[in-house]
Participant: 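Take this structure first; my questions come after.
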Number of protein chains: 2
Amino acid sequence: MKISLVAGEPIGQPCADCGIRCFSVCAALDKAELRELEHLGRHIHFVSCETVFGQEELTTSVYNLLEGVMRLYKLLPDGRRQIVGFALPGDFLGMTTSARHSFSADAIGAVAVCRFSRTSFARFIEDKPHLLRRINELAIRELSRAQDHMVLLGRRSAEEKVATFLLNWRDRLVQLRGPANTVPLPMSRQDIADFLGLTIETVSRTFTKLERDRVIGIQPGSVCLLDTARAEAMAAA
Amino acid sequence: MKISLVAGEPIGQPCADCGIRCFSVCAALDKAELRELEHLGRHIHFVSCETVFGQEELTTSVYNLLEGVMRLYKLLPDGRRQIVGFALPGDFLGMTTSARHSFSADAIGAVAVCRFSRTSFARFIEDKPHLLRRINELAIRELSRAQDHMVLLGRRSAEEKVATFLLNWRDRLVQLRGPANTVPLPMSRQDIADFLGLTIETVSRTFTKLERDRVIGIQPGSVCLLDTARAEAMAAA
DNA sequence: GGCGGTCCTTGATCTGCATCAACCGGTAAA
DNA sequence: TTTACCGGTTGATGCAGATCAAGGACCGCC
């Protein structure tokens with residue numbers, strides 16, 4: 001929960017060589033614009049559990065996630081937590097119209113971000129409708145994901161929740177790093193519980209049950225999807 | 001659940017006189033642009049429970065809600081329903097990047113919308129970054145609402161859910177029509193249940209309990225907030 | 001090696017909400 | 001007027017998942 005105090009190093013490597021550019025907002029930019037953007041951003045690194053920004057903090061920056069995974073969550077006054085999403089490389093964070101962040105974001109494992117001052121980024125956007133369109137696209141995709149998640153939270157059983165989560169998470173990783181049967185789970189069981197609206201015990205029990213039923217194999221830090229068809233049936237029904 | 005087959009009448013009244021313009025996307029437009037827009041849109045009316053567009057239907061149009069209330073919902077194959085939101089005048093619907101709608105929308109009571117063909121609206125936007133920015137703004141507001149709702153669905157008790165719903169709904173109506181203690185509830189108990197991730201019985205019981213506790217007064221089609229402070233305490237905690 | 005800590009799993013019990021079922025009041029059709 | 005229906009309420013019971021409690025695996029540290 002420490003807050004990083006470093007300003008970050010300038011973007012050294014040209015944005016044109018950025019590995020996740022095609023997934024990020026920057027996909028909308030041409031070479032000249034990328035070079036311009038290089039001067040505005042700073043690379044910052046966070047270690048596991050460090051907070052990138054907190055709920056109610058002023059929104060001074062926007063962030064482009066380069067590497068690692070982040071949890072985005074809201075806390076109720078009494079400590080109950082709801083994780084509203086996990087961010088992966090290419091995700092664009094801190095885009096909000098309000099003066100304060102409406103959720104907190106912290107690192108799950110080591111994280112690298114590209115940080116931009118909100119004002120300078122806003123100025124950069126101003127005459128670039130294609131970039132604005134790209135940002136809009138990402139926001140709408142995020143909204144659609146949020147709506148899907150509402151269905152999950154409001155109307156699905158624990159088993160359905162877990163199965164759906166594993167499949168969706170796998171799909172996002174496949175998108176990024178290509179096909180693979182084994183699904184890394186860098187987040188803790190508590191994180192998964194707080195994402196799915198369950199308790200850690202129920203998540204653990206459900207994992208165990210899925211393993212007993214030979215749907216998944218549990219490994220430290222990951223699971224292996226053994227019976228995708230059955231998992232999909234659980235997630236769909 | 002009938003589908004309206006009428007093409008709709010042309011927008012007669014000038015958009016400049018539109019009562020909800022300041023709440024809608026059109027707030028971003030100047031007089032000349034409004035006049036241009038008048039030629040692109042059609043007014044369409046729907047009666048109660050008519051479907052404006054359905055999940056999986058092709059996204060041929062976008063809609064500006066002028067009058068009335070709509071429920072936006074997703075259905076699971078087995079019939080479980082999650083209402084992802086209620087739309088009020090000024091809300092902009094059908095904005096999606098995908099070819100098909102990801103949820104259904106139907107009228108709660110009589111509804112009037114301004115419909116635009118998706119392609120002609122896209123063309124209209126093209127050289128109007130201020131409009132795009134406005135759309136982006138609405139999308140981000142919607143996303144933020146969705147995230148709040150995830151917390152409600154995942155982490156709150158039935159009583160908290162109902163209290164929060166009543167307060168939020170009141171706030172949206174106040175925004176639109178000014179202060180009032182009595183909160184109209186045009187949607188059914190089943191709608192409220194499907195919005196809050198509860199059953200109709202639990203919603204009904206919770207309403208009754210809040211009435212017994214003198215927090216609300218139940219009237220046909222509306223409730224009266226008697227003890228706002230206590231309701232807010234329930235919603236916050 | 002022993003110790004404390006964190007994360008995860010497992011078991012026993014409890015409970016909030018779902019489910020099942022009946023009923024009530026208003027309205028519209030017969 | 002009677003009947004049927006629909007939306008809402010209320011009561012009795014059941015159960016999925018929460019809560020409480022304990023123990024195991026793994027880690028870094030002394």
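Letters A, B, ... mirror the listed sequences (proteins, then strands); counts begin at 1. These numbers come from the heavy atoms of this one structure, side chains and all, not from hydrogens, waters or symmetry mates.
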Participant: Please tell me which of the listed nucleotides, D:dT9, C:dC8, D:dA18, lies nearest to the side chain of A:Leu198?
Facilitator: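 For the A:Leu198 side chain, the nearest candidate turns out to be D:dA18.
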Participant: Could you check A:Val203 against B:Thr199 and say which one's nearest nucleotide on DNA chain C is further toward the 5' end?
Facilitator: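 Its nearest nucleotide lies further toward 5', so the answer is A:Val203.
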Participant: Considering residues at least two apart in sequence or located in another chain, which fulfil the salt bridge (charged side-chain N to carboxylate O under 4.0 Å, His left out) criterion with B:Arg80?
Facilitator: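 Once residues adjacent in sequence are excluded, the partners of B:Arg80 under the salt bridge (charged side-chain N to carboxylate O under 4.0 Å, His left out) criterion are A:Glu160, B:Asp78.
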Participant: Can you find a pair of side-chain heavy atoms, one from B:Leu76 and one from A:Arg156, that are under 4.5 Å apart?
Facilitator: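 Yes, their side chains come closer than 4.5 Å.
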Participant: Once you apply a heavy-atom cut-off of 4.0 Å, does B:Gly221 come out as touching a base, just sugar-phosphate, or nothing?
Facilitator: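 Since no nucleic acid heavy atom lies under 4.0 Å of B:Gly221, the category is nothing.
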Participant: What is the separation between atom CD on B:Gln219 and atom P on C:dG26, rounded to the nearest whole Å?
Facilitator: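 Whole-Å distance recorded here is 15 Å.
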Participant: So if I apply the side-chain contact (heavy atoms from CB on, under 4.5 Å) rule between B:Met70 and each of B:Asp106, B:Leu93, B:Ile108, which one comes out positive?
Facilitator: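 It is B:Leu93, the one option of B:Asp106, B:Leu93, B:Ile108 that forms the side-chain contact (heavy atoms from CB on, under 4.5 Å) with B:Met70.
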Participant: In whole Å, what is the span from the CZ atom of B:Arg156 to the P atom of D:dA18?
Facilitator: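 Atom CZ in B:Arg156 sits about 17 Å away from atom P in D:dA18.
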Participant: Have a look at A:Ser188 and say if it touches a base, only the backbone sugar-phosphate, or nothing, with a 4.0 Å heavy-atom cut-off.
Facilitator: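 Here A:Ser188 touches the backbone only, sparing every base.
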Participant: Please report the distance, rounded to the nearest Å, between CG in B:Leu152 and P in C:dC17.
Facilitator: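 So the CG-P distance, B:Leu152 to C:dC17, works out to 12 Å.
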Participant: Expressed in angstrom and rounded to an integer, what is the separation of A:Arg189 atom CZ from C:dC8 atom C1'?
Facilitator: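 My rounded result for the distance is 7 Å.
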Participant: For B:Glu211 and B:Thr208, does a side-chain donor sit closer than 3.5 Å to a side-chain acceptor?
Facilitator: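 On atom types as modelled, these side chains do not qualify, holding no pair under 3.5 Å.
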Participant: Starting at atom CD1 of A:Ile200, determine the distance to atom P of C:dT6, rounded to an integer number of angstrom.
Facilitator: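 Rounded to whole Å, this separation is 13 Å.
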Participant: Under 30°, 30 to 60°, or over 60°: which ring-plane class applies to A:His149 and A:Phe195, parallel, tilted or perpendicular?
Facilitator: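 It falls in the parallel class, under 30°.
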Participant: Would you say C:dC17 has OP1 or OP2 under 4.0 Å from some side-chain N or O of B:Thr202?
Facilitator: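 Indeed not, no polar side-chain atom of B:Thr202 lies that close.
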Participant: Provide, to the nearest angstrom, the distance between the CD atom belonging to A:Glu160 and the C1' atom belonging to D:dA16.
Facilitator: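 Rounded to the whole Å, the gap is 12 Å.
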Participant: Would you call the rings of B:Phe53 and B:His101 parallel, tilted or perpendicular, where under 30° means parallel and over 60° means perpendicular?
Facilitator: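 The rings of B:Phe53 and B:His101 lie parallel, inter-plane angle below 30°.
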Participant: Of the nucleotides C:dT10, D:dG8, C:dC17, which one has an atom closest to the side chain of B:Ser204?
Facilitator: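 Among C:dT10, D:dG8, C:dC17, the one nearest the side chain of B:Ser204 is D:dG8.
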Participant: Please state how far atom CD in A:Gln190 lies from atom P in D:dA18, giving the value in whole angstrom units.
Facilitator: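 So the CD-P distance, A:Gln190 to D:dA18, works out to 11 Å.
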Participant: Heavy-atom nearest nucleotide on DNA chain C for A:Arg155 versus A:Met187: which residue maps closer to 5'?
Facilitator: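 Nearest-nucleotide comparison on DNA chain C picks A:Met187.
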Participant: What residues in residues 205-217 of chain B put a non-hydrogen atom under 4.0 Å from any atom of DNA chain D?
Facilitator: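 Within residues 205-217 of chain B, the residues near DNA chain D are B:Arg205, B:Thr208.
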Participant: Check the distance between C:dA18's P and B:Leu196's CG and give it to me in whole angstrom.
Facilitator: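 Rounding to the nearest Å, CG of B:Leu196 and P of C:dA18 are 10 Å apart.
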Participant: When only distance counts, do a donor and an acceptor, one from the side chain of A:Glu201 and one from the base of D:dC20, lie under 3.5 Å apart?
Facilitator: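 In this structure, the two groups form a donor-acceptor pair.
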Participant: The test is side chain to side chain donor-acceptor pair (under 3.5 Å); show your working for B:Asp194 and B:Gln190 and say whether it passes.
Facilitator: CA-CA 6 Å; B:Asp194 287 345; B:Gln190 185 63 62; 3.2 Å; yes
